[in-house]
Each structure stands twice: as C-alpha cells, then as structure tokens.
Amino acid sequence: MSKKSRIKIRTLLQKAPVGEQVIVKGWVRTFRNNQFVALNDGSTINNLQVVVDYENTDEKILRKITTGACISAEGTVVESPGRGQSVEIKASTVEILGEADPEKYPLQPKRHSLEFLREIAHLRVRTNTFSAVYRIRHAMIFAVHKFFQEKGFLNIHTPIITGSDAEGAGEMFRVTTLDPVNPPLTESGEVDYKEDFFEKETNLTVSGQLEVETACLALSDVYTFGPTFRAENSNTSRHLAEFWMIEPEVAFCDLDELMGLAEEFVKYLVAYALENCADDLAFLEKRLAEEEKHKPQQERSPMGLVERLNFVRENEFVRLTYTEAIEILRRSKPNQKKKFQYLIEGWGADLQSEHERFLVEKHFKKPVILFNYPKDIKAFYMRQNEDGKTVAAMDVLFPGIGEIIGGSQREERFDNLQARVKELEIPEKDLWWYLELRKFGTAPPSGFGLGFERMIQFICGMGNIRDVIPFPRTPGNAEF
Ligand code: 4AD
Ligand code: MG
C-alpha cells in the first residue's frame with residue numbers, strides 16, 4: 001500500500017470522502033470530554049472535528065492534546081452527527097507533533113483584545129480573526145495581479161533603495177553603511193556621502209512611481225506592487241511606516257479615464273473578495289458586529305460588513321472637484337458649529353481625514369473621488385491645469401478609511417515640470433533622468449497608488465491598520 005499523505009482540512013470538508021482513511025495535521029483549537037478535538041490547519045476558517053478513541057489511546061498522549069498543540073491524526077472519514085459540519089474523523093491514532101504547555105500558551109480559548117494580540121504577533125495568526133485576515137490578504141494579492149493581467153498591464157519591480165523623494169515630503173528612512181558614531185566628514189564639516197556605499201545619499205523608497213514611469217513610456221500599461229516606507233510620525237489607525245502599494249501607470253490616459261480605472265479596480269477587488277472569501281467574510285462580519293455593540297450608537301455602521309462591500313460594488317462613486325468639496329465643507333454643520341478639529345476657512349486648505357470622512361459617510365454616503373486639487377498641497381509631478389491654481393490630481397475616499405487611493409495625470413510638458421521643480425527647490429541632480437523622460441518621446445501618462453493595507457482594512461472591516469499586516473511597523477514599534 002502506498003504511504004498515505006496528509007489531506008488539507010479545506011479539501012476534506014469540500015469533498016467529504018465518507019469511508020476513506022485519511023491523515024490530517026494541524027493545531028488544536030479545543031479538546032472537549034477527552035474525545036473531541038477541534039482541529040485547524042489554516043486552509044479554512046472551519047475546524048475539523050477529530051474524535052479520539054480515548055479508550056485505546058495512551059493516557060500520556062491524551063494529556064498532551066491541549067489548545068495550541070500540533071498533532072497528526074489518522075482515521076476514517078464519517079458523516080458528522082453534530083451541527084455545522086458535514087464530516088468528521090474517527091481517529092485510530094493520534095500523534096503529538098508539538099506540545100503547547102497549557103500553563104504557558106497565551107492563546108487559551110477565550111476572547112482576546114486586538115491590543116493584546118499585537119503583543120504576540122508571532123502567535124496571533126492562530127486566531128480565527130487573523131487567519132481570516134491573512135487568507136483574505138493573500139486572495140487580494142492574487143486579485144490585484146489578475147485584474148492587471150486581464151487588462152494587459154505588465155508588472156514591474158521598482159527599486160526599494162532610491163536616491164529620490166518621489167512625494168517630496170522628506171519623510172524618508174536613510175540607507176547607509178557609514179559609521180554612525182564617526183562618519184567621514186567633508187571639509188565643511190558635513191557627513192560625506194561620497195564615502196557611503198552608493199557614493200551618494202540613499203533612502204528607502206516612498207513610492208515606485210517615478211521609476212515605473214520609465215517603463216510606462218515604453219510598455220504603455222504597467223504597474224508596481226511593492227513595499228514602501230514613510231518616516232512620518234503619524235500614530236493613527238491608518239498609517240504604517242512600512243506598507244504595500246499598488247501603482248499602475250498608463251501611457252495614454254487622462255484624469256477622467258484614470259478615475260474610471262481606479263473605480264473599476266477597487267470594485268473588482270471587492271467583488272473578488274465577496275466571491276472567493278465568503279467563509280472568512282462571514283466570520284469577520286460577526287466579529288465586527290460584536291465589536292460594534294460596545295460602541296456608542298452614532299459610531300456604529302448602519303450596514304454589516306458584507307452589505308457594505310456589496311454597496312461599494314454596486315454604486316457609482318461620486319466625482320467632485322476639490323472646489324465643490326470645500327464649499328460643501330465650509331457650509332457643513334460640523335464646520336459651522338466648530339466641531340471639526342481643523343475648521344475649513346476657505347479654498348486652499350488641505351483636507352484632513354475628518355473632512356474626507358464627513359463627505360463620504362455623512363454627506364454623500366458613498367465613496368467619493370475628489371479631483372483638481374490646489375497645486376500647493378500636491379506633489380511636483382502632477383499636471384498643471386489651465387487655471388494656474390490647480391493640478392489634475394484625484395483621491396478616492398472610502399467610508400471608515402478616508403483616502404484609499406491618490407493619483408494624478410502627470411505633467412508631461414518639460415518646461416512646466418522643470419519650472420515646478422525649481423519653484424519647490426527640488427535638487428535637479430536627483431531627478432535628471434525623470435526630467436529627461438519629458439524630452440524624449442513624452443506622452444501624457446496618468447497613474448495612482450492604492451494603499452494595500454487600507455484596502456484590506458476596508459474589506460475585512462478592521463478598524464486598525466496594524467491588524468491587517470502580519471508585522472506592523474509604526475513609530476516606536478519594530479518588534480518581531
Ligand atoms: O497619496 P500617496 O502618497 O501617493 C503616492 O505615493 C503616489 N506616488 C501614487 C501614484 O500616483 N503612483 O499614497 C498612495 C496611497 C494613499 O492613498 C494611501 O492609501 C496609501 O498609499 N498610504 C499609506 N498607507 C498606509 N500607511 C501610510 N503611511 C500611507 N501613506 C499613504
Ligand atoms: Mg495622497
């Protein structure tokens with residue numbers, strides 16, 4: 001007889017091969033009455049019931065079947081008399097692969113706060129909540145590539161170490177091999193980066209956009225999907241110092257078409273989750289409903305998680321100019337009654353998350369795409385509009401999140417771009433190659449960046465961005 005191989009619990013529950021002998025392996029969630037193991041191997045949110053033959057199993061083994069232990073069980077698939085599961089395993093043998101001392105194992109079967117679980121990020125994936133989030137995150141990575149593959153976009157790897165600050169916000173992590181205590185100095189007493197590894201100043205990238213634009217102006221439709229780093233000291237539920245971004249760049253595309261692509265893209269991701277992650281979403285919906293019970297009435301969402309996802313999938317996003325948005329905000333109740341932390345006095349103000357969420361959650365009750373922002377609050381590469389005041393930028397705003405996408409049509413005219421670079425005092429020596437793209441076969445490209453974790457937050461209904469990435473990096477926090 002050939003050696004039996006392990007079957008995954010997901011496959012087993014789907015196929016329900018009653019009568020067959022199988023081997024299952026996984027981690028014990030609970031063990032009841034010295035007999036019933038709830039086993040999970042991460043292939044699905046659903047546990048498999050393994051019924052141990054306790055009369056014929058060594059007492060020593062029975063004692064080691066505890067929450068968190070890793071076991072292997074061999075037995076027959078039988079129809080389950082219990083509710084909520086089609087089949088279970090009548091185990092003839094159980095082997096302990098890894099014990100988990102019940103005195104010490106921190107994930108005993110009870111409710112744990114998300115804050116506590118962050119402190120044990122190496123174990124939290126063994127909970128239902130985090131395994132569901134990890135599986136959905138995986139499904140969304142696949143859906144991102146599928147979407148662009150179907151549209152004929154090429155995936156481009158852009159560098160993680162760069163010499164340029166794409167967003168011009170100066171919030172970068174330096175990459176250096178110089179001695180921090182005794183760095184080489186120039187004659188004028190500054191750190192001499194000519195002596196550094198790359199013989200210049202380098203940082204971790206804040207965006208792959210500038211580099212992916214080079215590919216765009218040869219391959220037409222391209223995208224990056226990589227890690228990005230921002231040393232901004234924002235301790236909010238929507239900011240990470242290390243996050244993943246998807247940045248498509250389209251060669252022959254104006255702002256209007258770009259907004260269409262952004263809307264189609266996020267709706268595709270939402271639809272993919274609804275169609276492929278139903279079990280995990282059902283669990284996360286219950287989790288969210290439970291969490292919301294403890295919130296004051298006015299902070300509760302009027303919709304459940306799945307209803308919210310369907311709502312986004314089925315409704316057209318509102319498109320609104322920045323100027324129109326300012327008018328709405330200026331006249332809004334929270335502004336009149338001075339309830340906003342940052343009051344909107346007039347045109348030119350940078351929008352804060354409270355304003356974005358007011359527009360989306362209170363005023364329109366729908367995702368909103370804002371466009372044509374004042375040039376002074378946006379990056380240097382955005383295309384200048386004829387009015388001399390605004391640029392062809394757009395942000396997609398989502399309920400509970402605020403900005404989920406930021407993008408623009410790019411300034412393709414060399415003179416305009418160079419003038420803006422000078423005006424903002426950006427060192428041209430770092431950007432010569434980017435400027436050169438506007439000299440040789442320039443085209444009007446457009447592109448945007450989707451914050452992957454913010455998207456996962458929305459899809460999973462998780463309030464804090466630290467809970468949708470395996471190992472969050474935030475100010476003062478790089479454990480694990
Ligand atoms: O608006 P941002 O800064 O745009 C860019 O980086 C452009 N280069 C994109 C492009 O046009 N190719 O960032 C894009 C998105 C934001 O809308 C937000 O969703 C996410 O990235 N994001 C963050 N997510 C988590 N933590 C942070 N600190 C983030 N900063 C931005
Ligand atoms: Mg932005």
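The figures here come from the full heavy-atom set of this structure, side chains too, leaving out hydrogens, waters and symmetry mates. Position 1 is the first residue of the sequence, and the numbers go up from there.
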Assess whether atom CD of Glu425 is packed by more than 12 heavy atoms of other residues, nucleotides or ligands within 6.0 Å.
no
Among Arg137, Lys286, Arg135, Arg10, the one residue meeting salt bridge (Lys or Arg N to Asp or Glu O under 4.0 Å) with Asp280:
Arg135
Between His145 and Tyr223, what is the ring plane arrangement, given parallel below 30°, perpendicular above 60°, and tilted in between?
tilted
Do other residues, nucleotides or ligands put more than 12 heavy atoms under 6.0 Å from the CZ atom of Phe480?
yes
Could you tell me whether a side-chain N or O of Glu242 sits under 3.5 Å from a main-chain N or O of Pro227, the two making a donor and an acceptor?
no
Ile404 side chain reached by Leu397 side chain, heavy atoms, under 4.5 Å
no
More than 12 non-hydrogen atoms from neighbouring residues, nucleotides or ligands closer than 6.0 Å to CD on Glu290, yes or no?
yes
Can you confirm if the aromatic rings of Phe452 and Phe243 lie within a centre distance of less than 6.0 Å?
no
Student check: side-chain heavy atoms of Arg174 and Tyr193 closer than 4.5 Å
yes
Within 45° cone of Phe358 ring axis and under 6.0 Å: Lys339 NZ or CZ
no
Would you mind telling me which of Glu292, Lys295, Glu361 makes a side chain to side chain contact (heavy atoms under 4.5 Å, CB included) with Ser301?
Glu292
With a cut-off of under 6.0 Å to the ring centre and 45° to the axis, is Arg438 in cation-pi contact with Phe440?
no
